[in-house]
Amino acid sequence: MNAMLENAIPATVLTAVLRAPGASGPHRRHSIGGFSPSPWALDRFNAVLRQLGREQAPLDCDHLATAARELCDCSNALAATAIGVRMRRAAALDRMIADRDWQAANEALEVGARIVDYIRDRDDLIPDTLPRVGRLDDAIVVDTAWPRVADEVRAYTDYRRLRRVEAGLRGCDVHAFAFDRDDWLQAREAEAALAAHRARVRDSAYVPAPCATFRVH
């Protein structure tokens with residue numbers, strides 16, 4: 001159920017902002033949950049999206065207003081989950097960036113820092129205090145950049161899991177336990193080898209053939 005809710009936002013709320021903006025007309029919407037962003041703020045937002053990898057045409061107020069309306073039309077649970085998923089992804093990025101023991105690969109730190117900086121900026125496109133739609137722009141930023149950082153965040157999440165496991169096996173405080181990316185890779189290999197061994201034992205027997213029946217006369 002949670003996975004279904006998590007995947008619902010790209011098919012509904014973000015559909016409007018992923019389409020190329022159309023031509024201006026007399027019935028176009030400019031209010032996002034009762035708030036009208038300035039042209040300067042919208043240009044700045046589109047610049048952030050381009051930096052994070054958006055290749056489609058720039059967004060306009062009409063598309064954002066349509067997305068906000070769709071978000072408001074969702075149930076409370078779906079709307080909260082849709083935004084919450086994106087905020088948890090941003091929080092995971094924030095933890096990864098702050099973790100000095102993790103050596104992130106490729107561009108993940110730079111891209112992640114841009115996401116976190118935007119979300120923390122009080123002068124972003126849509127005021128965070130607006131009911132339901134205040135985090136819509138943050139969610140769009142996360143979704144735009146997510147393909148570039150998703151694999152690294154998943155790796156870091158597994159790293160945190162195995163760091164807890166290894167620290168527990170040694171009776172150490174996880175926050176004081178020295179464990180880096182190389183240690184994580186070794187722990188992953190050991191875990192995979194153990195899982196393969198258990199699978200072989202489960203699917204076979206230590207005794208190669210059934211023992212003969214023992215009878216007492």
Distance, nearest 0.5 Å, that separates [atom1] of [X] from [atom2] of [Y]:
X      : Y      : atom1 : atom2 : result
Asn76  : Thr81  : CG    : OG1   : 10.5 Å
Asp73  : Leu78  : CG    : CG    : 11.0 Å
Thr129 : Ile126 : OG1   : CD1   : 11.0 Å
Ile32  : Leu130 : CD1   : CG    : 9.0 Å
Ile140 : Phe45  : CD1   : CZ    : 4.5 Å
Gln186 : Arg181 : CD    : CZ    : 13.5 Å

Is it the case that the side chains of Arg163 and Tyr159 hold a donor-acceptor pair, with the cut-off being a distance below 3.5 Å and no angle test? yes
Looking at [Y], is its backbone amide N or carbonyl O close enough to the side chain of [X] to form a donor-acceptor pair, meaning the two atoms are under 3.5 Å apart?
X      : Y      : value
Asp183 : Asp180 : yes
Asp138 : Ile119 : no
Arg148 : Leu52  : yes
Gln103 : Asp101 : yes
Arg132 : Cys74  : yes
Asp62  : Ala65  : no
Arg54  : Ala57  : yes

Ion pair check, [X] and [Y], cut-off under 4.0 Å:
X      : Y      : value
Arg86  : Asp143 : yes
Arg161 : Asp158 : yes
Asp99  : Arg160 : no

Has Asn106 got more than 12 heavy atoms of other residues, nucleotides or ligands less than 6.0 Å from its CG? no
Taking every non-hydrogen atom, the tightest pair across [X] and [Y]:
X      : Y      : value
Ala145 : Ile115 : CB-CD1, 3.5 Å
Ser36  : Ser31  : OG-CA, 3.9 Å
Leu109 : Ala104 : CG-CB, 3.5 Å
Arg114 : Gln51  : NH1-O, 3.1 Å
Leu42  : Cys61  : CD2-N, 3.8 Å
Ala90  : Val116 : O-CG2, 4.0 Å

State, with a plain yes or no, whether a side-chain heavy atom of [X] is found less than 4.5 Å away from one of [Y].
X      : Y      : result
Glu152 : Val111 : no
Val153 : Arg89  : no
Asp124 : Val141 : no

Stepwise, does the side-chain contact (heavy atoms from CB on, under 4.5 Å) test hold for Ile97 with Tyr156? CA-CA 10 Å; Ile97 293 168; Tyr156 177 67; over 6 Å; no
Asp94/Arg120 under salt bridge (Lys or Arg N to Asp or Glu O under 4.0 Å): CA gap, chis, key distance, verdict: CA-CA 11 Å; Asp94 193 20; Arg120 286 178 173 170; 2.6 Å; yes
Please answer: with hydrophobic residues joined when any side-chain heavy atoms are less than 4.5 Å apart, are Val174 and Val165 in the same cluster? no
Ring-plane angle category for Trp184 and Trp102, please: parallel below 30°, perpendicular beyond 60°, tilted otherwise. perpendicular
